[in-house]
Amino acid sequence: MIRVLFATSEVYPLVKTGGLADVSASLPEALCRLEYDVHILLPGYPGAVKAAREAGSRRKVRFRIGQYEVSLWQTRLPGTAVTLWLMDCPPLFDRPGNPYQNEEGRDWWDNAHRFELFCKVGAMMAVGEAGLSWRPDVVHCNDWQTALIPVFLEHYPHRPGTVFTIHNLAYQGIFPQETFRSLGLPDSLWRWDLLEFYGQLSFIKGGLVFSDRITTVSPEYAREIQTPEYGHGLDGVLSHRKDRLTGILNGIDTRVWNPEEDPELAFRYGLDHLKNKAQCQAQLQRELGLKVDGGPLLGFIGRLVEQKGVDWLIEVIPTLLERGCQLVLLGSGEARYEEPLKQLAREWPGQMSLTLGYNEGLSHRITAGCDMFLMPSRFEPCGLNQMYSLRYGT
Ligand code: ADP
Ligand code: GLC
């Protein structure tokens, strides 16, 4: 049985800001069903540690790294048989807000330190230095927060194989050169073909340069990121490693996203009883104060950031509404997008609904209740919402 350590900074249902969390839950579970022994490693955010305690899990080991005391809690990913390790280190991870930002939406000042330590612990687990009897054959790293693991493993003769998955090349973990010095990484890594990126430290280059294999979340994105248009400055590095780079399309968990059994829906539906989809729509319209039986209902769910084409959406919303469409939007993100959307929602009560914030249940009801899903992304490494919509007949 192949043992895999799956390192990730978010996993559904414990902590989620986007698609990474969904894939970090569904992929390990699918692999476990194929008889791989997958263990997830996640930072001990407050909600996750609380869930682990409530599930009666135990602290397995405790050790020091520099000034920090670190514990590893062993638990299970809720609702699955997948083993989950939480790296508990309260000074770094017991914080409000989301995994990367404080409650005002600003990046934590010490993100480089937080995720460097996370990577150290991942590397220790990988080579059996964390005091656990379990050791992986492969370490699967995901996005920049885990990208130093292959760097730390580089000089171990009996290290496991390493895979680095790019979920989104737009997020690279870039920090000033002073941060590189303060992390205590060896000077030999400060090279343009290693961790240096135009005078700054790039976490993601660690994964791109040092891992045995690179994957990304669709074949098309694997091609796109080797071009200057979509390469975010890393197309050269990626083209150089193209014989190690593979695009593998994400799957979705068709049990979590299943209109026949979805507990978030008041009415369930499927191919042979599609009528209930209309009931879901009426229910959604009532829930959000929209006119029932209005025009076609269009939905958008997503992070309000440039990638998602929100500015293009804002531009066409008045036209869509004038032509009699209804609009439901759910998301949160940058103020430059939230403000004009709020203004539009005020101008079109009963026809446009805006929910700012994160709401898992509502995201299911929107996916089910809409006629059409809007996803005008500038680029999309894979995108899960369009697949969820197809699954819900939207
Ligand atoms: P990305 O990972 O780039 O954000 P994806 O389409 O891969 O895009 O995945 C986004 C995931 O996050 C989907 O599961 C989507 O429903 C969810 N999501 C995004 N914003 C919200 C929100 N405000 N409330 C609930 N779910 C959200
Ligand atoms: C990223 C991408 C998205 C992808 C998700 C899961 O956040 O933006 O397109 O579906 O990761 O891999």
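Remember, predicted model here, so these are calculated numbers, not experimental data. Counting convention: from 1, in listed order, for ligands and their atoms alike. Along the sequence shown, residues are numbered consecutively beginning with 1.
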For ligand 2, list every N/O pair with the protein closer than 3.5 Å, one pair per line with the distance.
unit_1   : atom_1 : unit_2 : atom_2 : d
ligand 2 : 8 (O)  : Asn168 : ND2    : 3.2
ligand 2 : 8 (O)  : Gln307 : NE2    : 3.3
ligand 2 : 9 (O)  : Glu380 : OE2    : 2.6
ligand 2 : 9 (O)  : Cys382 : N      : 3.0
ligand 2 : 9 (O)  : Gly383 : N      : 2.9
ligand 2 : 10 (O) : Gly383 : N      : 2.8
ligand 2 : 11 (O) : His167 : O      : 3.4
ligand 2 : 12 (O) : His167 : ND1    : 2.7
ligand 2 : 12 (O) : Asn250 : ND2    : 2.8

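- Around CG of Asp293, the count of heavy atoms belonging to other residues, nucleotides or ligands within 6.0 Å does not exceed 12.
- Cluster note: Leu374 groups with Leu298, Phe300, Leu304, Val310, Leu313, Ile314, Val316, Ile317, Leu320, Leu321, Leu327, Leu329, Tyr337, Leu341, Leu344, Trp348, Met352, Leu354, Leu356, Met372 through ILVMFWY side-chain heavy atoms spaced under 4.5 Å, whether in direct contact or through intervening members.
- Shown here are the salt bridge (charged side-chain N to carboxylate O under 4.0 Å, His left out) partners of Lys16, two or more places apart in sequence or in another chain: Asp22, Glu360.
- Taking all atoms of both residues into account, the shortest heavy-atom contact from Ala130 to Phe63 is O-CE2, 3.9 Å.
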Atom pairs and distances, ligand 1 N/O vs protein N/O under 3.5 Å:
unit_1   : atom_1 : unit_2 : atom_2 : d
ligand 1 : 2 (O)  : Gly19  : N      : 2.6
ligand 1 : 3 (O)  : Arg303 : NH2    : 2.8
ligand 1 : 3 (O)  : Lys308 : NZ     : 2.8
ligand 1 : 4 (O)  : Arg303 : NE     : 2.7
ligand 1 : 6 (O)  : Leu384 : N      : 2.9
ligand 1 : 6 (O)  : Asn385 : N      : 3.4
ligand 1 : 7 (O)  : Leu384 : N      : 3.3
ligand 1 : 8 (O)  : Lys308 : NZ     : 3.1
ligand 1 : 9 (O)  : Gly19  : N      : 3.2
ligand 1 : 14 (O) : Lys16  : NZ     : 2.9
ligand 1 : 14 (O) : Asp22  : OD2    : 2.8
ligand 1 : 16 (O) : Asn385 : OD1    : 3.1
ligand 1 : 23 (N) : Gly357 : O      : 2.8
ligand 1 : 24 (N) : Asn359 : N      : 3.0

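- Between the side chains of Gln343 and Glu347, a donor-acceptor pair is found at a separation under 3.5 Å.
- The shortest side-chain heavy-atom distance between Leu297 and Cys370 falls under the 4.5 Å cut-off.
- With respect to Phe175, the ring-ring contact (aromatic ring centres under 6.0 Å, His included) criterion is satisfied by exactly one of Phe115, Trp109, Phe203: Phe203.
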Under the salt bridge (charged side-chain N to carboxylate O under 4.0 Å, His left out) rule, what do Glu380 and Lys308 come out as? Steps first, then yes or no, please.
CA-CA 8 Å; Glu380 199 61 75; Lys308 300 294 174 184; 3.0 Å; yes

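- The backbone N or O of Asn142 lies less than 3.5 Å from no partner atom in the side chain of Thr8, so there is not a single donor-acceptor pair.
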